[in-house]
Amino acid sequence: QVQLVESGGGLVQPGGSLRLSCAASGSIFSINDMGWYRQAPGKQRELVASISSGGSTDYADSVKGRFTISRDSAKNTVYLQMNSLKPEDTAVYYCHLGTRPSIYTVYHNYWGQGTQVTVSS
């Protein structure tokens with residue numbers, strides 16, 4: 001089993017910054033992609049940013065240039081630095097881990113419990 005523990009959410013004013021962290025523990029294979037999704041009230045969950053075990057990153061268009069995803073593979077931890085926050089960034093942010101033992105097997109997917117980010121004056 002895998003556990004994901006998130007931290008770093010909170011209330012911030014527009015233009016401010018927050019840093020989210022997600023630490024993974026348990027049975028994690030060498031191939032492990034990590035990322036952050038978010039879900040605002042009444043909306044579907046959407047990808048915010050992801051980072052592969054090789055370090056490749058992907059971002060939603062709405063956060064490009066403002067958010068940065070990074071990871072510490074030795075600690076199985078992923079970070080999301082969020083700058084220039086906007087009210088529309090308000091959502092519950094979920095950490096995701098997809099891991100598999102080889103490229104010939106399916107991913108095992110795991111989710112964190114979610115952390116609230118509220119951007120408001």
Side-chain angles (χ1 to χ4, degrees):
Q1 268 294 0
V2 172
Q3 295 79 40
L4 302 176
V5 179
E6 303 152 339
S7 61
L11 173 65
V12 64
Q13 292 186 341
S17 299
L18 281 175
R19 188 189 193 210
L20 305 183
S21 300
C22 173
S25 61
S27 301
I28 302 169
F29 300 114
S30 58
I31 300 174
N32 55 90
D33 301 337
M34 301 188 75
W36 292 93
Y37 288 70
R38 67 187 180 187
Q39 187 167 19
K43 294 188 176 182
Q44 289 188 332
R45 190 174 297 189
E46 62 175 359
L47 173 69
V48 177
S50 65
I51 184 166
S52 72
S53 49
S56 298
T57 58
D58 189 26
Y59 294 92
D61 288 342
S62 59
V63 307
K64 284 180 181 177
R66 300 188 297 123
F67 291 10
T68 302
I69 191 169
S70 61
R71 66 186 295 166
D72 184 336
S73 295
K75 297 181 179 180
N76 288 323
T77 299
V78 65
Y79 306 96
L80 185 68
Q81 178 66 44
M82 304 185 293
N83 299 328
S84 302
L85 282 160
K86 304 175 181 180
E88 49 264 43
D89 295 317
T90 295
V92 177
Y93 284 69
Y94 296 92
C95 178
H96 171 261
L97 167 68
T99 184
R100 57 179 176 172
S102 81
I103 61 173
Y104 305 108
T105 59
V106 298
Y107 276 100
H108 300 259
N109 293 293
Y110 302 92
W111 294 91
Q113 78 282 2
T115 184
Q116 178 69 46
V117 171
T118 302
V119 184
S120 175
S121 54

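Because only heavy atoms are used, hydrogens play no part in the values below, and waters and symmetry mates are left out as well, while side chains stay in.
Cluster membership for Ile28 and Tyr107, using ILVMFWY side-chain heavy atoms within less than 4.5 angstrom, is not shared. Under a hydrophobic clustering in which Ile, Leu, Val, Met, Phe, Trp and Tyr are joined whenever their side-chain heavy atoms come within less than 4.5 Å, directly or via other members, Val48 and Leu18 fall into the same cluster. Clustering ILVMFWY residues whenever any of their side-chain heavy atoms sit less than 4.5 angstrom apart, transitively, puts Ile103 in a cluster other than the one holding Val106.
Geometrically, Arg71 does not engage Tyr79 in a cation-pi contact defined by less than 6.0 Å to the ring centre and at most 45° from the axis.
Listed for the Ser73 side chain is no donor-acceptor partner under 3.5 Å among the backbone atoms of Asn76. Side chain of Gln39 to main chain of Val92: no donor-acceptor pair is present (N/O by atom type, distance under 3.5 Å, no hydrogens or angles). Of the possible polar contacts, none joining the Arg38 side chain to the Ala91 backbone as a donor-acceptor pair under 3.5 Å is found. Distance alone, capped at 3.5 Å, is enough to place a donor-acceptor pair between the Thr77 side chain and the Lys75 backbone. At distances below 3.5 Å, at least one donor-acceptor pair connects side-chain atoms of Asn32 with backbone N or O atoms of Ser30.
Residue Cys95 holds its SG atom at 10.0 Å from CG of Leu80, rounded to the nearest 0.5 Å. The SG atom of Cys22 sits 5.5 Å away from atom CD of Glu6, with the distance rounded to the nearest 0.5 Å. Taking CE of Met34 as the start and CD1 of Ile51 as the end, the distance is 9.5 Å to the nearest 0.5 Å.
Each of Leu11, Val117, Val12, Val119 was scored for a side chain to side chain contact (heavy atoms under 4.5 Å, CB included) with Thr90, with one residue passing: Val119.
The aromatic rings of Trp111 and Tyr37 lie perpendicular to each other, with more than 60° between the two planes, well past the 30° mark. Ring-plane geometry between His108 and Phe29 is classed as tilted, the angle between the planes lying from 30 to 60 degrees on a 0 to 90 degree scale. Under the 30°/60° scheme for interplanar angles, the aromatic rings of Tyr93 and Phe67 are found to be tilted.
When all heavy atoms of Met82 and Leu20 are compared, the pair lying nearest together is CE-CG, 3.8 Å. Heavy atoms only, all atoms of each residue included: Ala24 and Leu4 are closest at CB-CD2, 3.4 Å. The minimum heavy-atom distance linking Gln113 with Val5 is given by the pair OE1-CA, 4.3 Å.
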So Ser120 and Gln13, side-chain contact (heavy atoms from CB on, under 4.5 Å) or not? Walk me through it.
CA-CA 5 Å; Ser120 175; Gln13 292 186 341; over 6 Å; no

Start with the C-alpha gap between Tyr110 and Thr99, add the side-chain angles, then the distance that decides, and say whether side-chain contact (heavy atoms from CB on, under 4.5 Å) holds.
CA-CA 9 Å; Tyr110 302 92; Thr99 184; 4.0 Å; yes

Asn83 vs Ser17, test: side chain to side chain donor-acceptor pair (under 3.5 Å). Steps then yes/no.
CA-CA 4 Å; Asn83 299 328; Ser17 299; 2.9 Å; yes

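The number of heavy-atom neighbours closer than 6.0 Å to CD of Gln44, taken from other residues, nucleotides and ligands shown, is 12 or below.
At least one side-chain heavy atom of Thr68 sits under 4.5 Å from a side-chain heavy atom of Tyr59. Annotation: side chain of Asp33 is not in contact with side chain of Leu97 (no heavy-atom distance under 4.5 Å).
Salt bridge annotation for Lys86-Asp89: absent, with no cationic side-chain nitrogen under 4.0 angstrom from a carboxylate oxygen.
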